[in-house]
Enquirer: 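Pasting in a structure now, in structure tokens, and then I'll have a few things to ask.
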Amino acid sequence: MATFNFASIGTIKSCYQEKFGIPRQPRLETEALSELRLLPPYNDPHTLREIEQFSHLWLMFIFHQTQPSGWKPLVRPPRLGGNKRIGVFASRSTFRPNPLGMSAVELVAVCHKNNTPSLLLRGCDLLNGTPIVDIKPYIPYSDSIPQAKAGFAPAAPEVLFEVQFTAEAQQHCQQREQALHQQTGDSQLNLQKLIVQILQLDPRPSYQQQVGDRIYAMRLYNFDLKWRYCENGIILVLELC
Ligand code: SAM
């Protein structure tokens, strides 16, 4: 069997500090800015020449956090309720023979800080620190197939929840947003909108989907976002601490 050795060409800096809560596909949230930092020798500015001509890019990356768990021939996609098993190659599971991911994301800008180029991106479904192994321009005439059949995932997941904030969470949100504008340099970040976009997709595994007192949390940027599920399809954000 032929084997191939790849080096990462860069690393993603994103707001997602753990797997739980990351949207299950790219561009399901449109608010968070991610940065792809190129590593030597790929950080030679020549590698990016003319890339700003493209509005979207394909990122090829390593599912580095799930890689140690290996792969399985059958997987249970969350989209099918977590009950039905399908072949790994009929899925987007992270548990693959070669743990390669691919995401089409928006290119916002090419940045040159301290002579080191990086890409500012939106719509990334990637854990902070994800190793990137390649970047390619997205080419609509070839990459977009509007009449394609998409099996069990024919359209974006339906939004089944309304996300509300307690008064305290609303206040935390405004404070955190201001701090993040300073820390990340992303003055356009609308933190409340980002949280709504993430939570309305319902990050819970399908076997946990009941209403109750249980408090859920995910690590976003440098804080814990906490929420719970109420009656009538309401998600209540409790705090950002
Ligand atoms: N668009 C991608 C693809 O098809 O290659 C992602 C599909 S996969 C189901 C998306 C999930 O991968 C995210 O919700 C997140 O939980 C997980 N993920 C993101 N970055 C990861 C990483 N570096 N290691 C392991 N899992 C990761």
Side-chain angles (χ1 to χ4, degrees), residues 6-37 39 56-107 119 121-136 138 143-145 148-159 194-195 197-209 216-221 225:
F6 292 139
S8 43
I9 55 131
T11 308
I12 279 283
K13 192 168 182 321
S14 83
C15 62
Y16 300 114
Q17 311 298 335
E18 59 179 309
K19 256 191 83 194
F20 180 60
I22 305 179
R24 293 184 177 118
Q25 294 301 337
R27 300 186 330 283
L28 291 176
E29 64 81 5
T30 52
E31 278 301 303
L33 201 59
S34 300
E35 185 180 2
L36 197 173
R37 295 184 177 165
L39 294 166
H56 291 78
L57 301 174
W58 284 109
L59 303 184
M60 260 56 83
F61 61 91
I62 304 293
F63 289 118
H64 71 306
Q65 199 179 79
T66 46
Q67 181 183 16
S69 307
W71 68 282
K72 296 175 212 116
L74 289 171
V75 297
R76 288 189 288 199
R79 193 68 190 259
L80 290 175
N83 299 319
K84 190 169 172 196
R85 287 169 197 264
I86 62 165
V88 64
F89 297 130
S91 84
R92 294 293 191 100
S93 169
T94 63
F95 302 97
R96 324 186 65 78
N98 295 307
L100 283 172
M102 46 185 271
S103 293
V105 300
E106 184 191 349
L107 172 62
L119 300 177
L121 307 163
R122 284 195 206 277
C124 289
D125 53 345
L126 306 182
L127 188 64
N128 189 32
T130 295
I132 305 295
V133 289
D134 204 0
I135 305 166
K136 295 185 189 196
Y138 175 86
D143 294 345
S144 163
I145 310 172
K149 266 185 12 184
F152 60 84
E158 224 182 316
V159 169
L194 172 63
I195 292 170
Q197 287 183 343
I198 293 172
L199 294 187
Q200 71 188 3
L201 295 169
D202 193 9
R204 291 173 300 173
S206 43
Y207 58 84
Q208 271 181 14
Q209 297 188 354
Y216 289 81
M218 70 181 278
R219 188 105 190 125
L220 199 62
Y221 296 102
L225 171 68

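Every number for a ligand or one of its atoms is a count from 1 in the order of the listing.
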Enquirer: Collect the protein residues that have a non-hydrogen atom under 4.0 Å from ligand 1 and hand them over in chain and number order.
Expert: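 The 4.0 Å shell around ligand 1 contains Lys19, Ile22, Pro23, Arg24, Gln25, Pro26, Ile62, Phe63, His64, Gln65, Thr66, Arg92, Thr94, Gly101, Met102, Ser103, Asp125, Leu126, Leu127, Thr130.
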Enquirer: Just do the side chain to side chain donor-acceptor pair (under 3.5 Å) check on Gln17 and Asn128 with the steps written out, would you?
Expert: CA-CA 6 Å; Gln17 311 298 335; Asn128 189 32; 3.1 Å; yes
Enquirer: Consider side chain to side chain contact (heavy atoms under 4.5 Å, CB included). Of Gln25, Arg79, Arg24, which one does Arg92 pass it with?
Expert: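 Going through the options one by one, the only one that passes is Gln25.
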Enquirer: When rounded to the nearest 0.5 angstrom, what is the spacing between CG in Leu127 and NE2 in His64?
Expert: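 Separation between the atoms: 5.0 Å.
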Enquirer: Answer yes or no: is there a side-chain heavy-atom contact under 4.5 Å between Arg122 and Thr30?
Expert: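 Side chain of Arg122 against side chain of Thr30, heavy atoms only: no contact under 4.5 Å found.
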Enquirer: Go through the structure and list residues passing salt bridge (Lys or Arg N to Asp or Glu O under 4.0 Å) with Asp202, not counting sequence neighbours.
Expert: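 Partners of Asp202 by the salt bridge (Lys or Arg N to Asp or Glu O under 4.0 Å) criterion, ordered by chain and then number, come out as Arg204.
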Enquirer: Just to verify, which of Leu126, Leu59, Asp125, Leu121 counts as forming a side chain to side chain contact (heavy atoms under 4.5 Å, CB included) with Pro26?
Expert: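 In the set Leu126, Leu59, Asp125, Leu121, the residue that makes a side chain to side chain contact (heavy atoms under 4.5 Å, CB included) with Pro26 is Asp125.
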